[in-house]
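Notes to accompany the following structure.
Below, chain A is the first sequence line, B the second, and so on; all start at residue 1.
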Amino acid sequence: MPELPEVQTIINELSPIIIGKNLVKIEEFRENTLINQQKISYLGQINTIFRRGKYIIITTDQKLQIIIHLRMTGKLIYTENLTSSSSHMRAHLIFSDHSKLIFDDVRTFGQITIAPLNQQIKSLDILGAEPFSNDFSTEYLWQKFRKRKAPIKNILLNQTIIAGLGNIYVNEILFACQIHPAVPTNSLNKKQIGAIISNTIKILKKAIKYNGTTISDYKRVDNKSGKFQNFLKIYQKTECPKCGNPVSRIKQAGRSTFFCYSCQNNPHKPLKSKNNG
DNA sequence: AAGCTTTCCTGAACGC
DNA sequence: TGCGTTCAGGAAAGCT
């Protein structure tokens with residue numbers, strides 16, 4: 001499931017391939033794949049491709065933006081063979097040199113929005129701080145967190161607060177911070193918030209370095225897998241790599257949470273005064 | 001406001 | 001063997 005590092009990997013690999021190409025058309029193979037599609041005869045030459053949260057944004061010289069969200073199972077596979085196909089194709093982005101990007105998506109939650117560059121896109125406008133930006137500061141999170149009593153796990157998944165985190169990385173970040181996923185967000189102190197910031201940046205950077213995490217569906221542009229799954233410490237693990245105790249598993253916000261009851265502070269007990277790591 | 005729940009979807013894994 | 005059930009989860013809508 002593509003989160004920030006997987007989306008960033010796709011951007012990094014697509015940039016040198018598609019910038020400057022002429023995007024002739026986008027073919028839709030399944031309804032509701034293309035949103036806001038207007039009657040555009042020519043989409044234009046690709047100017048930029050960048051990421052905001054988990055969204056891929058492609059702009060063209062025809063002052064258009066193509067916004068792609070892969071959700072859980074979406075992939076963008078580049079091929080120079082116009083007749084290439086895949087098992088769950090939903091759309092093709094076809095270039096004038098007969099190469100194309102295949103948008104493949106088993107569970108069909110992904111979407112491609114085509115809109116004028118100057119059109120406000122609500123789902124982008126509501127996004128919170130980018131983890132690699134200066135906005136992602138202790139003061140910012142402190143102001144956001146103090147109003148929230150929901151579990152920290154849920155709040156880290158909230159894209160309007162931090163943009164780009166998903167279930168896997170939130171599990172890993174909280175384990176690295178030794179914070180129990182169920183603690184009320186407004187109970188965290190500034191030191192813990194600082195740990196969330198530094199571990200988020202550290203883990204995301206390392207995940208990008210290894211081209212993301214392939215658990216089941218995520219694939220890179222060349223259909224290869226990422227490698228960060230080899231560095232996961234808590235997600236889908238059965239034994240804590242730190243203390244050896246069994247990993248606990250609960251459900252939060254409809255998603256599986258993995259944590260170590262021993263290493264990540266129990267919300268029902270007072271926080272330890274000394275860091276036990 | 002914030003925080004719930006529900007909905008969307010398909011394939012793999014599981015249970016009887 | 002085979003059929004039915006459960007699970008995986010990002011984001012938005014609807015409701016309290």
query: Would you call A:K233 and A:E172 a salt bridge, using N to O less than 4.0 angstrom?
result: no
### Task
Decide, yes or no, whether a salt bridge links A:E27 with A:K25 under the criterion of side-chain N to carboxylate O below 4.0 Å.
yes
For nucleotides 11-13 of chain B, print each protein N/O atom paired with a nucleotide N/O atom at under 3.5 Å, atom names and distance only.
none

Note to self: Please determine whether the number of non-hydrogen atoms from other residues, nucleotides or ligands lying under 6.0 Å from atom CG of A:N134 exceeds 12.
What the structure shows: no
Taken to the nearest whole Å, CZ/A:R71 to C1'/B:dC9 is 11 Å
Separation of C:dG9 atom P from A:L157 atom CG, nearest Å, is 10 Å
Reckon A:Y235 has a side-chain N or O less than 4.0 Å from the OP1 or OP2 of C:dG9? yes
Residues in residues 249-259 of chain A with a heavy atom under 4.0 Å of DNA chain C, by number, are A:R249, A:K251, A:R255, A:S256
Tell me whether the NZ or CZ atom of A:K227 lies within the 45° cone about the ring axis of A:Y210 and under 6.0 Å from its centre. no
Aromatic ring pairing A:F259/A:Y261, orientation class (parallel under 30°, perpendicular over 60°, tilted between): tilted
With a 4.0 Å cut-off, would you call A:K21 and A:D97 a salt bridge? yes
Does a side-chain N or O from A:K54 land closer than 4.0 Å to OP1 or OP2 of C:dA11, or not? yes
**Asked** How are the rings of A:Y78 and A:F95 set relative to one another: parallel (under 30°), tilted (30 to 60°) or perpendicular (over 60°)?
**Response** tilted
